Amino acid sequence: MLMSVAEGIISGIMIGGVYSLVALGIVVVFKSTRVITFTQGGLLLMGAITGWALLGPAGLPVGLGVVLTLAACAFLGMCLDRFTLRPIIGQPILASIMVTIALAWLFDSVGTLIIGGGLRPYPPLLPHGTYKWGRVYISQSLLLQFIIAVLLFIAFTLFYKYGRLGLAMRGTAEDHTVVQSLGIKVTNIFSYSWVIAALSGGVSGILLASTLGATVGLSGIGMKALVVVLIGGMESIPGVILMGPIIGILENLSIQFLDPLVGGGLGEVVPYAVMLIVLLVKPYGLFGLKRIERI
Amino acid sequence: MHWVPCGTYNVNYRQDFAIFRTKPHWISLVVFLLILFTLPFYCSRYMLALLSTIGITIIAVQGLGILTGYGGQISIGQAAFMGTGAYLSVILMQRFDFPFLLALFSAGIGSGLVGVVFGLPALRIKGFYLAMSTLAAQLILGWFFLHLRGITGGTEGLHVEHASFAGITFNTPQNKYWLVMVFTLLAIFFAKNLMRTKVGRALVAIRDNDLAAKVMGIEVALYKLLAFFISCFFAGIAGAVYAHYIGFISPVQFTLQDSILYLGILIVGGMGSIMGAIFGTVFMKLIEEFVFVISPMLATWFPGFGAQFFAALSLAFYAIIIILFLVFEPRGINHLWVVLKNRYRLYPFSH
Amino acid sequence: MRMKMNVWLLLLSLGIFLAGSSFGLFGYALAQEKGVLDRDPIGSVAIFEINDLTGPTSDSCVPHHNGIWDVIRDVNEKGGIIYSDPKTGKKERVKINFEWGDNKAQAGPVPTLYERMANASPRPIICYMGSSAAGETTPPWTQRDKIVQINAGGGQPGWYPPRYAFTINSDYPGNACTAAWWAMKDWKSKGHTEAPGWAWFTLDIPYGRATIKPESEAYIKSLGFKIVGTWTMPFVPVDTGAQFRSMIDAGANYCYGNLVILQQQKLMKDVTMLGLKEKIQVIACPYGIMEDIIKVAGKDAEGLVGVHNTAFPDELDKPGVKWAHDITKKYKHAWNSDSILGCAYGKIMVTAIKWALETKGYPVTGEDVYNSMLSPDGFDTGGLLPPVKFTQTERRGIWKTHMRGVKDGKIVRISEDFTIPDMKPGGPWTPKE
Amino acid sequence: MLKISNVEVKYSNVILVLKGVSLEVPDEAVVCLLGANGAGKTTLIRAVSGMLKTQLGKVTDGVIEIGGQRVENQSPEVIAALRVAQVMEGRRVLEQLTVEENLKLGGYIGPGGSRLKADLDRVYDYFPRLWELKTRTSGYISGGEQQMVVIGRALMTHPKLMLLDEPSLGLAPLMVKSIYEVLERINREEKTSMLLVEQNARIALSIASYGYIMESGRIVLDGAAEKLKDNEDVKEFYLGLSAVGKKKSYKDVKHYKRRKRWLG
């Protein structure tokens with residue numbers, strides 16, 4: 001019993017690492033543009049599919065393939081910002097929600113156009129073994145994904161704390177007008193944050209697809225990442241990196257201990273239920289900044 | 001700017017409040033209703049099915065329009081509330097022998113109450129956060145549809161007896177169409193009038209600025225929940241009518257994608273207008289049908305691509321249309337219609 | 001002058017008309033002499049299909065669609081359905097009109113899709129519902145419109161009570177019974193005596209849950225299993241360790257689920273990675289043990305077993321399989337167990353129409369096709385499927401299933417045929433209250 | 001440095017806010033722009049800095065030249081690249097950022113690296129108080145300190161021209177005094193020209209060499225600072241003194257007459 005709780009917690013942390021990885025992109029976009037993106041899953045899917053196309057049928061070496069995939073993702077992120085999100089700056093929040101949802105749909109159907117409904121095998125990129133301590137197993141690929149998530153988290157934190165662009169992004173998040181008056185092109189900052197989001201989508205897409213295969217359903221993970229972001233607090237990278245594993249653990253434990261009692265399905269619902277409760281108790285997430293509204 | 005037909009002056013409040021002001025208005029209304037209700041006599045069953053699904057969608061979208069378009073509360077859960085209504089009406093009729101109309105009405109009320117429960121977060125949050133909490137409602141309600149097997153039939157769903165009242169059994173495509181249309185018209189009428197009452201104006205005030213509305217003495221909390229109730233009431237009615245139209249309900253009929261589509265319809269049609277919801281629904285449904293008709297043709301002409309290539313187009317079409325509208329005409333089709341109408345009214349003078 | 005001109009024109013056109021028609025008559029007479037192929041088809045019959053061409057189950061639905069389409073295209077290219085007319089005894093042929101629609105695994109578009117295609121001209125007489133959503137919704141309608149309906153899945157309640165809906169598949173609960181039957185044999189052959197544990201995997205959609213029925217659970221219990229619970233598979237599983245751990249803690253030795261390859265391969269990868277292959281045996285449904293599983297799971301697929309009911313793609317010595325293979329290759333589609341099923345659906349629909357034509361003559365109605373579906377001889381698919389036969393009370397065509405397993409990178413047959421029990425609601429296995 | 005001639009600004013293509021304004025800021029000079037609320041001073045500043053677009057405004061006529069280059073309706077980035085720094089009304093610090101980060105962001109378009117360090121030191125030299133506060137979140141420091149941050153941030157770009165919108169607004173008199181001392185020093189040491197928009201005419205005229213007075217979107221009076229200080233109207237309306245140095249009397253009929261002349 002205790003052992004399986006431990007197992008559940010450890011593999012939950014690992015799964016949560018994946019959620020955090022996907023969620024990073026959402027936070028990056030939100031931090032500078034105040035747009036909550038439902039598209040992150042779609043970007044992930046595009047990363048996975050581009051990676052598949054370059055590594056599989058095109059047969060490029062792994063390094064080159066990954067670099068090209070990331071470049072394609074960056075370009076996609078830029079186009080996304082330029083052609084869909086920039087024109088709707090200033091419209092109500094529903095507009096940005098719907099545009100990002102519509103983009104997610106678009107990516108889903110583009111994914112279907114390219115690879116159909118099936119599953120495309122990926123060349124093995126990550127090690128495929130396990131570590132074990134007693135009964136506790138850790139999959140090496142999940143561990144590696146988790147480590148990459150943590151590294152990216154550290155990189156992002158440093159970037160925001162000390163990087164010039166990171167500073168500009170934080171400034172932009174706060175006050176567009178001031179940042180403009182300082183000679184910073186706000187629209188460029190938006191573009192950069194979309195590029196970064198697309199890059200992180202590409203990375204998570206390749207990582208996920210390498211263990212799972214490229215399939216259109218991958219985009220569904222974006223939704224769960226959104227839950228993680230929301231519970232953690234929209235602009236908080238630490239919140240996200242903390243909440244991802246917590247959601248993973250919750251999910252795992254509810255699958256292990258509640259699912260047999262109710263006939264399954266709770267793993268998918270519990271994160272949302274938790275989110276609902278958190279929203280009721282702490283509306284701006286556990287680590288979010290409360291915005292003061294004035295009339 | 002909303003122009004009144006030339007030469008029409010309102011001399012008393014009754015005239016000022018009238019929806020239909022002039023004789024041509026009334027005549028066109030009567031002609032429209034006449035055409036609408038005699039369609040089954042000379043229309044194909046396909047047309048009737050199309051119009052019936054459009055009618056049901058209009059009821060649900062009208063409800064969402066009250067919540068989102070007027071009240072400013074974003075909801076990504078309308079399909080689940082519709083499902084609640086559908087299940088409630090069927091269960092009430094099958095297990096408790098409710099007559100059809102009573103079951104329908106109770107389903108609306110029940111669905112509205114469920115909506116209020118999930119609308120509670122709206123008291124503390126708004127915008128995107130609310131969107132996410134209604135999304136949670138969608139998933140949680142969906143889980144209940146699927147897992148309360150004893151009541152909802154689980155994945156096997158429920159078979160629905162034909163609705164009947166006043167001695168008519170609604171079992172043919174024709175009279176099912178009439179049933180749907182009656183409720184669609186009622187819903188439109190109700191929505192139109194609701195927006196002209198105190199409630200409607202309060203909702204608009206809350207949408208524009210809820211703090212300001214509060215200062216003006218509007219019970220924001222009450223009205224937000226009321227908006228949720230009304231919206232979900234509409235959804236519940238739509239669901240109940242849908243259940244009796246289609247004759248079978250299962251969890252796959254009330255999905256997240258439908259909920260999002262309803263929002264998309266609202267945007268394409270034009271937020272915050274009764275006509276917008278109607279235009280949007282008709283437009284989007286026609287687009288869907290268009291893709292359904294052309295994709296087999298395209299697949300025949302270009303056999304190299306395979307069937308799912310063209311099948312995937314319909315989602316892409318939806319996505320592109322929603323994006324195009326948001327980018328180029330965020331006020332939706334309704335705005336184009338208003339512009340056209342005013343052009344016509346002012347013709348030949350430009351202003 | 002003008003008047004004269006008109007007269008000339010009239011005469012000229014009359015001449016052309018006479019010449020043309022006599023030429024036509026001559027040609028017609030000539031054609032009568034030659035075979036049926038030189039004559040125009042006597043008419044056309046219509047088939048339509050509503051299928052999940054996009055969405056979570058599309059990777060098996062698309063090959064089915066392709067199979068049906070290929071068969072129909074092939075028949076049309078060879079001149080249509082050729083039959084001997086019961087009244088004149090002459091050979092005639094009819095073309096097939098084929099319409100399809102994608103309902104995206106959702107029920108929303110079904111009514112309009114159905115009404116449009118069911119009311120087309122000529123009036124369809126048979127339809128194929130590859131989508132669970134459509135298969136469940138439409139049986140009352142097809143009964144009303146007298147259109148024979150063929151369902152892909154064996155899980156829909158559409159075929160009970162008997163209506164115009166048929167299924168050419170072993171039903172999903174029946175598949176689970178096959179799996180349990182094999183598992184029990186396997187359990188005993190390993191020398192165990194205690195009761196093994198049975199766990200369900202499901203997807204939270206009708207297809208995924210259709211296998212878990214009171215009937216199938218009763219049967220599995222009667223074999224001596226104890227059913228330990230139900231675990232859900234997310235559509236995109238990041239890690240299924242939690243499910244496996246929980247299952248094993250609950251005492252499961254075998255797990256079975258209606259999963260498609262996407263989930264099945266992840267299960268196999270995880271169960272290998274966690275080193276649990278000795279502890280728990282994963283059993284797949286027919287859609288989980290297609291050839292692709294080896295491509296995507298590689299070595300990890302080793303040891304997977306699954307229920308099946310079609311022929312193997314490499315059994316080209318069977319005439320039906322050879323025929324299906326040639327057709328699939330002709331239209332450049334992938335060749336696997338799914339294509340076999342697709343071609344089988346197509347073949348059965350075409351055969352049913354042909355029989356109806358031969359007993360009734362053109363034009364045929366859905367009712368005629370319905371009667372020929374109930375032909376006492378059943379359908380011979382040339383080895384594609386086990387014998388397919390329907391009766392007045394039974395709409396499931398297939399009763400024989402077998403088990404397959406992945407061994408050394410190939411899918412091989414690992415059991416003899418098994419006759420699945422009757423899983424009908426209210427049938428022998430329905431628990432008495 | 002800055003030359004504005006006959007500029008006309010409309011908001012939303014309808015509301016005419018500036019009606020043919022001409023103004024000049026010579027190199028290395030401090031020029032002040034006085035006027036009541038709603039006179040159009042902020043609009044003028046926005047027209048120069050390119051910030052009109054976000055307010056749906058547009059320069060519809062006239063010429064704005066910065067260092068000889070025409071810049072009307074240019075984007076703010078282009079104008080900032082000409083080393084024009086703007087200090088917006090209302091102490092717009094980026095509240096979530098620390099003081100130093102605010103300053104660094106000011107140097108964003110600069111070369112960065114060691115130059116950035118030197119620029120920071122220069123700002124700390126002008127405002128020693130900021131050195132003590134540099135790691136503090138700028139939302140939590142006092143109003144005067146925030147004003148220092150904003151001016152310091154503007155200074156980070158080595159501006160040739162500074163546009164200051166009401167730097168004294170809402171500050172304690174002592175703080176105003178010290179800020180103006182620094183401004184004067186900046187002008188002296190950095191050779192930065194300044195366009196100073198103020199309601200506090202007394203303090204503005206104390207450092208400015210030339211002044212303009214604006215009413216209802218027009219320049220109604222201009223002249224050297226000394227001359228303006230002596231102008232009776234200015235004294236009465238902006239310095240709060242009547243012609244004879246007494247409190248103004250509402251019975252003074254001339255009050256209206258003079259005002260009318262300005263408006264004409």
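Chain letters run A, B, ... following the sequence lines, proteins first, then strands; residues in each count from 1. What you see is a predicted model; the values in this text were computed from it and never measured.
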Handout entry: Donor-acceptor contact below 3.5 Å, side chain C:Lys269 vs main chain A:Thr211
Key = yes
Exercise for the section: Could you look at C:Asp239 and say if it's the side chain, the backbone, both or neither that has a heavy atom under 4.5 Å from chain A? Expected result: both
Exercise for the section: Tell me, for C:Asp52 versus chain A, whether the close heavy atoms (under 4.5 Å) come from the side chain, the backbone, both or neither. Expected result: neither
Completion exercise
dist C:Phe244:CZ -> A:Glu7:CD (nearest 0.5 Å) comes out at 13.0 Å
Handout entry: Under 4.5 Å from any heavy atom of chain A - which part of C:Gln265
Key = side chain
Practice task
Mind running side chain to side chain contact (heavy atoms under 4.5 Å, CB included) on C:Val236 and A:Ile221 for me, showing each step along the way?
Solution key: CA-CA 8 Å; C:Val236 185; A:Ile221 294 194; 4.2 Å; yes
Run the side-chain donor-acceptor check on residues 268-278 of chain A: report pairs under 3.5 Å with partners two or more places apart or on a different chain.
unit_1, atom_1, unit_2, atom_2, d
A:Glu268, OE2, A:Lys224, NZ, 2.9

Problem - Closest non-hydrogen atom pair between A:Gln256 and C:Ser246, with its separation - result: O-OG, 2.7 Å
Completion exercise
Sorted by chain and residue number, the side chain to side chain donor-acceptor pair (under 3.5 Å) partners of C:Asn258 (sequence neighbours excluded) come out as none
Exercise for the section: Mind ranking C:Gly229, C:Ala250, C:Gly241, C:Ala242 by heavy-atom pairs under 4.5 Å with chain A and telling me who comes out on top? Expected result: C:Ala242
Fill in the blank from the handout: Highest number of heavy-atom pairs under 4.5 Å with chain C among A:Ile255, A:Leu218, A:Asn252 belongs to A:Ile255
Completion exercise
Taken in chain and number order and not counting sequence neighbours, the residues that satisfy side chain to side chain donor-acceptor pair (under 3.5 Å) with C:Ser339 are C:Asn336
Problem - Contacts of residues 39-50 of chain A with chain C (heavy atom under 4.5 Å) - result: none
